[in-house]
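Encoded as structure tokens, the structure appears first; notes follow it.
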Amino acid sequence: MSSESSKKRKPKVIRSDGAPAEGKRNRSDTEQEGKYYSEEAEVDLRDPGRDYELYKYTCQELQRLMAEIQDLKSRGGKDVAIEIEERRIQSCVHFMTLKKLNRLAHIRLKKGRDQTHEAKQKVDAYHLQLQNLLYEVMHLQKEITKCLEFKSKHEEIDLVSLEEFYKEAPPDISKAEVTMGDPHQQTLARLDWELEQRKRLAEKYRECLSNKEKILKEIEVKKEYLSSLQPRLNSIMQASLPVQEYLFMPFDQAHKQYETARHLPPPLYVLFVQATAYGQACDKTLSVAIEGSVDEAKALFKPPEDSQDDESDSDAEEEQTTRRRPTLGVQLDDKRKEMLKRHPLSVMLDLKCKDDSVLHLTFYYLMNLNIMTVKAKVTTAMELITPISAGDLLSPDSVLSCLYPGDHGKKTPNPANQYQFDKVGILTLSDYVLELGHPYLWVQKLGGLHFPKEQPQQTVIADHSLSASHMETTMKLLKTRVQSRLALHKQFASLEHGIVPVTSDCQYLFPAKVVSRLVKWVTVAHEDYMELHFTKDIVDAGLAGDTNLYYMALIERGTAKLQAAVVLNPGYSSIPPVFQLCLNWKGEKTNSNDDNIRAMEGEVNVCYKELCGPWPSHQLLTNQLQRLCVLLDVYLETESHDDSVEGPKEFPQEKMCLRLFRGPSRMKPFKYNHPQGFFSHR
Amino acid sequence: MERAVPLAVPLGQTEVFQALQRLHMTIFSQSVSPCGKFLAAGNNYGQIAIFSLSSALSSEAKEETHDGPVYSMVSTDRHLLSAGDGEVKAWLWAEMLKKGCKELWRRQPPYRTSLEVPEINALLLVPKENSLILAGGDCQLHTMDLETGTFTRVLRGHTDYIHCLALRERSPEVLSGGEDGAVRLWDLRTAKEVQTIEVYKHEECSRPHNGRWIGCLATDSDWMVCGGGPALTLWHLRSSTPTTIFPIRAPQKHVTFYQDLILSAGQGRCVNQWQLSGELKAQVPGSSPGLLSLSLNQQPAAPECKVLTAAGNSCRVDVFTNLGYRAFSLSF
């Protein structure tokens with residue numbers, strides 16, 4: 001509160017017990033200032049402590065007076081009113097004092113506040129000033145640091161070192177005398193030099209670029225020239241083909257073959273190489289060719305990254321088409337087809353035999369099973385009329401069966417395949433053998449694949465040495481097989497007509513006159529052979545497997561009928577055919593009840609080596625049949641005459657025999673001696 | 001009924017040939033070693049196999065001994081004598097088990113014809129004289145002295161080849177049966193034919209549809225049993241009359257007396273045991289479809305190996321430890 005307001009206040013009556021004189025004095029003092037009563041000035045003069053005492057005293061007085069009034073009021077009386085009045089006045093005075101004190105207190109308070117406020121304002125002002133200054137200081141400091149930190153771009157350039165600079169720069173730039181002393185000038189000079197150098201280098205760069213462009217253009221031109229050369233060379237090679245053929249040097253053809261051979265899978269490649277080598281070295285009649293589509297073979301080998309992408313794509317596709325998934329059976333079929341997939345390329349071998357018949361062998365490779373199979377076909381120079389019984393001889397299914405003993409080609413030779421088959425539900429490979437070809441063991445060996453008997457191996461590598469060691473034997477066996485089959489073919493045609501074709505160089509084995517005739521020659525099924533009552537011994541000895549071919553021959557003379565059941569092993573003629581006989585004449589005689597029938601069987605089965613004839617022994621079967629006719633003749637003619645039965649002997653003895661019976665088992669003379677022409681015993 | 005099919009073994013040329021040989025093998029003769037522990041068997045390929053009866057394994061040794069079939073064998077106390085195509089050879093039993101055993105000696109009786117070498121069908125030891133009697137294809141009986149090896153006598157009389165011989169100890173006489181249907185008795189001291197029995201002429205036993213040949217003979221001093229084409233008959237020798245005819249249709253190839261039985265074998269699987277009265281006591285089947293020889297191991301040195309062995313139209317020798325059944329078979 002300013003002193004102006006205090007001046008406007010009306011003067012007030014002061015009643016103070018303490019010092020009325022002072023009051024007057026105060027008035028007079030204040031009159032000097034003006035005619036204003038300033039209680040504020042009074043405040044300064046009074047002592048707050050004393051005021052406080054005064055207050056306390058006044059309060060006490062008031063209390064006392066109130067108490068006395070109380071008493072008086074309670075006493076009652078006339079005087080009381082005056083006393084009460086007196087006391088009331090006193091109390092009023094006290095109240096006035098209190099009011100004054102209150103006012104003083106307020107004023108003191110107000111003063112105090114004003115003072116505080118003023119001081120505060122001053123402090124605030126100083127504070128502001130301080131802040132401003134501090135701020136400016138900070139700002140200036142920042143600026144200073146900025147300036148100090150300033151890096152000129154020129155410092156980022158790697159300038160050449162000082163020595164170099166002085167060495168290389170021309171003197172008008174380096175200005176050594178100036179720059180040595182003055183670092184600023186030095187730097188400027190160096191920058192100048194840098195700029196100059198850069199300009200020069202930029203020039204050079206542009207020149208080089210243009211050079212490069214030129215050279216690139218030249219390269220293009222030359223490339224075009226070369227690429228135009230290739231078709232010309234090709235046309236030259238084409239043109240030279242007739243010349244090659246004329247000179248019998250089919251390089252081109254061989255070259256093409258080698259090209260395709262590069263795409264063959266390893267076992268087929270081994271086979272191809274070995275067969276070509278063998279053909280060139282030993283056997284000119286062997287020709288090797290590669291068939292199949294090279295593009296498909298190339299397509300089999302996709303790069304791995306692509307295949308990964310393909311997998312993820314196909315997964316996505318599969319998710320989309322889950323509803324359309326095919327049935328389990330179709331899936332299994334697909335899996336089976338996948339497992340039995342063949343490599344698109346195959347190797348074809350043509351073996352030419354002396355009589356111009358050709359054996360065509362096509363070798364396939366089953367990729368997932370890692371085995372090779374072969375399909376065979378025999379073509380002859382002339383059209384063959386197939387006799388009924390010879391149906392199976394040259395059939396592609398069985399012509400190569402058991403080339404080596406026991407190699408029937410119905411089971412897969414790779415033991416690991418069994419586990420693969422179990423996964424897709426294939427029982428055996430024999431169901432698929434007709435379309436896939438036969439997986440013979442010798443085929444695997446020719447392809448260099450060697451499968452150990454017991455444990456399946458992870459990978460079987462195609463081995464050249466294995467193939468080479470087997471090539472010659474196998475080729476020879478194949479040729480003998482074809483030739484013996486063809487010979488049999490011809491012989492069967494004749495046998496079916498009842499003629500036993502004996503060649504002139506085998507005539508010496510038999511007497512001039514043979515009366516018994518071959519009447520019938522038919523094929524017999526394996527099961528039927530097993531059911532015959534007189535073949536039990538052969539079956540028990542394990543000689544009648546299902547890879548053999550079975551025939552029945554019927555030889556007759558007069559009332560005697562001799563049935564011969566023949567087992568033809570695929571390995572004919574190194575393995576002889578086996579005969580079992582049953583004679584129907586005066587009862588049924590077989591090897592179990594007649595020793596002589598047993599001896600006859602022994603003559604053809606055991607002593608077959610004499611009947612082989614000149615090598616290759618294709619005449620074995622026909623000679624055996626002819627011998628059977630001779631034996632029947634001897635048997636019938638040497639049968640001792642039964643005196644009790646009337647009538648002449650049915651078969652008069654025409655053969656010359658020294659003795660009719662010999663030995664404890666009373667054998668007939670079945671051995672024919674040439675050239676004397678008589679029969680004797682072994 | 002389904003036949004059990006044996007597993008097909010991969011057969012090369014040699015296996016097939018061997019199998020065929022075995023199928024067509026006939027074992028003609030057997031003989032037991034003096035120690036009683038070994039059995040020798042001879043077959044139609046000229047091989048002799050020695051089987052050890054005590055261990056009963058497959059043959060210990062197999063020799064290619066003869067060029068032709070080995071029709072008969074006998075054992076002396078140290079030697080094995082085998083005969084077949086015209087020759088008789090001797091082997092030491094002690095050497096026989098070793099490989100590559102060579103024959104001790106070989107002898108050929110003097111034959112008349114040279115066109116064909118006649119076989120020797122029967123060998124007979126005469127221990128009293130220490131000689132060997134051979135008979136066979138040339139219709140004669142030859143006697144050979146075992147010490148010197150010379151052929152002492154020739155007994156002629158048969159008109160067709162001789163099948164079998166038997167020794168009548170007491171006299172001593174030799175009986176021989178042949179293809180001509182007669183059983184002839186020869187006295188060894190006088191070298192003459194004493195008696196002839198023409199079996200086929202007797203109606204009770206003759207069987208013309210089988211022929212007249214006598215295949216087997218056995219004698220027990222007064223009695224003789226013979227068979228072959230005619231029926232198996234028991235004869236009383238002195239009176240030359242057939243006393244019992246054994247009712248078996250198949251021609252018998254070997255007959256022998258054993259204790260109080262007569263054992264016979266022939267065409268047909270079985271070894272037949274007959275009582276002297278003509279009753280069939282037992283028929284024990286063997287494994288061969290026809291039997292040609294029986295051998296009884298009665299050597300006193302090895303009583304534990306007392307067996308009957310039978311062999312014939314197969315490659316197996318059946319061993320009967322007890323006459324009632326076939327114990328096992330030895331394989332050639």
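Computation of the quantities below employed the complete heavy-atom set of this structure, encompassing side-chain atoms and omitting hydrogens, waters and symmetry-equivalent molecules. Lettering follows sequence order; numbering is per chain, from 1.
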Given a strict heavy-atom distance threshold of 4.5 Å, which part of [X] is in contact with chain A: side chain, backbone, both, or neither?
X	answer
B:Glu179	side chain
B:Ser288	neither
B:Pro69	side chain

Counting only heavy atoms not in B:Glu203, do more than 12 fall under 6.0 Å of its CD?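 No, the 6.0 Å shell around CD holds no more than 12 heavy atoms from other groups.
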
If you count every heavy atom of other residues, nucleotides or ligands that lies below 6.0 Å from A:Lys410 atom NZ, does the total exceed 12?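 Yes, enclosed.
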
So what's closer than 4.5 Å to chain B heavy atoms on A:His681: side chain, backbone, both or neither?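 For A:His681, the contact with chain B is made by backbone and side chain together.
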
A:Tyr404 versus chain B, heavy atoms under 4.5 Å apart: side chain, backbone, both or neither?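 Answer is neither: A:Tyr404 stays 4.5 Å or more from chain B.
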
Is [Y] close to [X] at the side-chain level, that is, under 4.5 Å between some pair of heavy atoms?
X	Y	answer
A:Asn591	B:Asn313	no
A:Phe661	B:His163	no
B:Leu20	A:Pro576	yes
A:Asp595	B:Lys253	yes

Hey, could you give me the [atom1]/[atom2] distance between [X] and [Y], rounded to the nearest 0.5 Å?
X	Y	atom1	atom2	value
A:Met667	B:Asn44	CE	CG	9.0 Å
B:His24	A:Met600	NE2	CE	12.0 Å
B:Leu23	A:Glu601	CG	CD	8.5 Å
A:Ile575	B:Glu15	CD1	CD	8.5 Å

Walk me through whether B:Asp85 and A:Arg662 qualify under side-chain contact (heavy atoms from CB on, under 4.5 Å). CA-CA 11 Å; B:Asp85 249 355; A:Arg662 191 181 195 256; 2.7 Å; yes

Partners meeting salt bridge (charged side-chain N to carboxylate O under 4.0 Å, His left out) with A:Arg627 (sequence neighbours left out):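 Scan of A:Arg627 (salt bridge (charged side-chain N to carboxylate O under 4.0 Å, His left out), adjacent residues dropped) gives A:Glu603, A:Glu610.
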
Using the salt bridge (charged side-chain N to carboxylate O under 4.0 Å, His left out) criterion, which residues pair with A:Lys476? Sequence neighbours excluded.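 Salt bridge (charged side-chain N to carboxylate O under 4.0 Å, His left out) check on A:Lys476 returns A:Glu472.
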
Relative to chain A, which of B:Tyr45, B:Phe17, B:Tyr161, B:Tyr71 shows the most heavy atom pairs under 4.5 Å?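 The residue among B:Tyr45, B:Phe17, B:Tyr161, B:Tyr71 with the greatest pair count is B:Tyr161.
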
Using a cut-off of under 4.5 Å on heavy-atom pairs, state which of A:Arg598, A:Lys609, A:His408 scores highest against chain B.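 Ranked by heavy-atom pairs under 4.5 Å with chain B, first place is A:Arg598.
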
Chain B: which of A:Ser574, A:Cys607, A:Ser680 shares the most heavy-atom pairs with it under 4.5 Å?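 That would be A:Ser574.
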
Please confirm whether the backbone N or O of A:Val606 pairs with a side-chain atom of B:Gln21, one donor and one acceptor, at under 3.5 Å?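 The answer is no, because no donor-acceptor pair under 3.5 Å joins these two groups.
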
